[in-house]
Amino acid sequence: MLTVFLPRGLSVLEISEQDLQTSNTLGLPARARVLHIRERSALAELSALVHTGERVFVLGGGSNVVMAARPQCVVAKVELRGVRLFAQEPDAWIVEAQAGEPWHAFVAYCLAQGWPGLENLALIPGTVGAAPVQNIGAYGLELAQCVHSVLAWDLHAARQVALSPAECSFAYRDSLFKRSAAGRWLILAVRFRLPRVWRAQLAYPDLQRHPLLQGSEVSARQVFDAVCDIRRRKLPDPAVLGNAGSFFKNPLVPVLVAQALQARYPGLVGYAQAEGQVKLAAGWLIDHAGWRGRRIGPVGMHAQQALVLVNYGGASAEDVGHLARAVREDISARFGLVLEQEPVILD
Ligand code: EPU
């Protein structure tokens with residue numbers, strides 16, 4: 001156990017070197033100095049540590065990270081737990097979940113309590129606290145649409161703030177938290193606004209086609225089950241095959257660029273967005289370029305979903321970087337599109 005002595009008479013933080021291979025869903029071997037945040041009393045000391053010049057990386061479930069073998073920072077693992085009905089508004093429930101709650105279990109709990117609204121986001125790995133960072137989204141729903149507020153600790157200013165959705169600057173796979181310097185924000189809890197009048201969100205093509213959702217009256221439980229079923233068929237379970245979900249973002253391009261590409265590649269999948277933009281399916285591009293099911297050493301692009309990079313066992317961050325680079329260069333050469341990596345790098 002390494003103890004770090006802090007200035008201004010504060011007590012000590014218990015930081016110890018730990019193995020992080022099972023704390024990242026890609027299953028990459030890593031060791032780093034780790035601090036477990038189980039209560040808020042550690043936060044002021046953590047801010048003091050940041051002021052000594054120490055780099056801090058805030059880790060949730062490790063499902064959106066590529067870890068180097070020896071990250072040169074203190075990894076703060078957020079393990080705050082608890083869910084409560086924070087408030088009841090005339091038209092909505094406000095539910096608060098602490099950052100360390102596992103996301104999927106939280107979605108299932110809300111459904112069981114009669115607070116539906118999050119079921120399109122079922123089975124996404126990771127924690128509640130990590131969800132706003134990349135504004136998780138799936139099957140026609142983005143987290144941003146359900147957020148009431150985010151409670152966060154500003155590590156630089158050493159104070160807690162409550163941020164509205166607008167202040168979080170949510171965008172596709174992006175937020176204030178992702179854009180800020182790593183180690184600036186530690187999300188403590190998220191409050192969700194779940195309307196009492198529930199409406200099924202079934203616009204996503206996979207949901208429209210799903211056998212469970214063909215009746216005229218569809219329940220939240222059926223949407224939850226259908227989303228779980230689709231994800232289990234398409235996406236590898238990180239407990240079985242290491243992965244970090246989608247490895248690249250779907251590129252957003254102006255409608256004219258999308259039209260030109262679709263004229264050349266008639267099967268290219270794109271979804272119209274606001275402001276004259278189209279979101280192209282990176283999975284289609286990678287698949288069409290021949291990468292689906294292709295391996296380089298211990299890593300490859302998944303056979304059922306070419307957007308997911310998988311670790312077949314024994315991979316390092318370098319193996320992941322090598323494959324990611326090869327895919328990006330190929331997509332750039334073929335389609336003139338730059339793929340942006342989705343998982344963050346911890347080095
Ligand atoms: N496609 C292919 N080949 C592939 C993969 C996809 O042709 O190998 C095509 C599909 O046929 C489909 C289109 O591409 O027409 C889109 O595929 P999919 O519905 O699987 O969704 P995606 O755009 O690849 C995004 C999210 C996923 C999310 C799904 C469902 C991103 C980066 N990824 O994937 O999120 O589950 O939509 O909403 O936006 C994650 O972040 O880890 C993740 C899985």
Side-chain angles (χ1 to χ4, degrees), residues 24-26 60-66 103-104 107 118-127 130-145 170-175 178 201-210 223-224 226-238 241-253 258 261-262 265-273 277-294 300-310 324 327-328 330-331 334-335 337-344:
N24 73 98
T25 60
L26 264 166
S63 55
N64 198 41
V65 59
V66 178
W103 174 261
H104 175 69
V107 173
L118 298 171
E119 42 293 327
N120 293 49
L121 304 177
L123 222 58
I124 295 181
T127 58
V133 178
Q134 59 157 330
N135 182 22
I136 58 170
Y139 304 103
L141 184 67
E142 277 190 358
L143 183 97
Q145 293 164 252
F170 289 121
Y172 169 61
R173 303 279 152 144
D174 200 18
S175 72
K178 195 158 183 186
Q201 313 228 32
L202 304 177
Y204 202 81
D206 281 358
L207 294 179
Q208 281 176 10
R209 284 192 286 265
H210 199 278
V223 176
F224 178 89
V227 168
C228 291
D229 178 54
I230 295 165
R231 290 188 74 98
R232 286 197 177 104
R233 275 189 285 117
K234 271 194 178 178
L235 297 165
D237 178 354
L241 192 59
N243 73 88
S246 302
F247 200 82
F248 299 103
K249 291 186 188 182
N250 287 328
L252 287 166
V253 299
L261 281 166
Q262 280 168 330
Y265 305 101
L268 172 55
V269 179
Y271 305 97
Q273 307 291 298
Q277 294 220 300
V278 175
K279 191 193 280 177
L280 297 174
W284 189 95
L285 298 166
I286 297 168
D287 184 356
H288 198 78
W291 286 97
R292 182 155 61 83
R294 198 163 141 197
M301 303 313 288
H302 188 50
Q304 269 78 51
Q305 226 298 7
L307 191 51
V308 179
L309 187 154
V310 293
V327 170
R328 288 180 89 224
D330 193 25
I331 297 304
R334 284 173 194 264
F335 303 103
L337 295 168
V338 177
L339 292 183
E340 190 182 333
Q341 182 169 319
E342 163 98 290
V344 298

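As the structure lists them, so they are numbered: ligands from 1, and atoms in each ligand from 1. Just so you know, these numbers use all the heavy atoms, side chains as well, and skip hydrogens, waters and symmetry mates. Residue numbers start at 1 and run along the sequence shown.
Near G245, the atoms of ligand 1 lying under 4.0 angstrom from a non-hydrogen atom of the residue are 42 (O). Within ligand 1, counting atoms from 1 as listed, the ones closer than 4.0 Å to a heavy atom of K234 are 18 (P), 19 (O), 20 (O). Counting the atoms of ligand 1 from 1 in the order shown, those under 4.0 Å from a heavy atom of R292 are 8 (O). In summary, the atoms of ligand 1 found under 4.0 Å from a heavy atom of L307, numbered by their order in the structure, are 24 (O). Near A138, meaning under 4.0 Å from one of its heavy atoms, ligand 1 places the atoms 28 (C), 36 (O), 38 (O). The atoms of ligand 1 that sit less than 4.0 Å from any heavy atom of F248 are 32 (C). Set against the non-hydrogen atoms of D287, the atoms of ligand 1 under 4.0 Å away are 2 (C), 3 (N), 4 (C), 7 (O), 8 (O).
Ligand 1 has at least one atom lying under 4.0 Å from a heavy atom of Y271. Taking 4.0 Å as the cut-off, R231 counts as a neighbour of ligand 1 on heavy-atom distance. Residue-ligand proximity: R173 is placed with a non-hydrogen atom under 4.0 Å from ligand 1.
The closest side-chain heavy-atom distance from Q134 to S63 is not below 4.5 Å. In this structure, the side chains of L285 and P251 come closer than 4.5 Å at one or more pairs of heavy atoms.
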Report task. Begin with the C-alpha distance, continue with both residues' side-chain angles, and end with the deciding distance and a verdict on side chain to side chain contact (heavy atoms under 4.5 Å, CB included) for F170 and E142. Result -> CA-CA 9 Å; F170 289 121; E142 277 190 358; 5.7 Å; no

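Of the protein's heavy atoms, Q305 OE1, 3.3 Å lies nearest to atom 5 (C) of ligand 1. When only non-hydrogen protein atoms are considered, atom 23 (O) of ligand 1 lies nearest to N250 ND2, 2.8 Å. At the shortest separation from atom 29 (C) of ligand 1 among protein heavy atoms lies Y204 OH, 4.0 Å. Looking only at protein heavy atoms, the nearest one to atom 13 (C) of ligand 1 is A281 CB, 3.7 Å.
Applying the side chain to side chain contact (heavy atoms under 4.5 Å, CB included) rule to P343 yields the partners N64, V66, A244, F247, Q341; only residues at least two apart in sequence or on another chain are considered. V133 pairs by the side chain to side chain contact (heavy atoms under 4.5 Å, CB included) definition with F177, K178, I187, not counting sequence neighbours.
Defined by atom type and a distance below 3.5 Å, a donor-acceptor pair is missing between the side-chain atoms of N243 and H302.
Taking the six-membered ring where tryptophan is involved, the planes of H288 and F335 are tilted, since the angle between them lies from 30° to 60°.
Of the possible donor and acceptor atoms, none in the side chain of E340 sits under 3.5 Å from a partner among the backbone N and O of V338. In this structure, S175 contributes its side chain and P132 its backbone to a donor-acceptor pair below 3.5 Å.
Any N or O atom pair closer than 3.5 Å counts here, and Y172 shares at least one such pair with ligand 1. Geometrically, ligand 1 and A306 share a nitrogen or oxygen pair separated by less than 3.5 Å. By the 3.5 Å distance cut-off applied to N or O atoms, Q304 is not counted among the residues near ligand 1. At least one N or O atom of S246 sits closer than 3.5 Å to an N or O atom of ligand 1.
For atom 10 (C) of ligand 1, the nearest protein heavy atom is 4.0 Å or more away. Within a 4.0 Å radius of atom 41 (O) of ligand 1, the protein contributes one or more non-hydrogen atoms.
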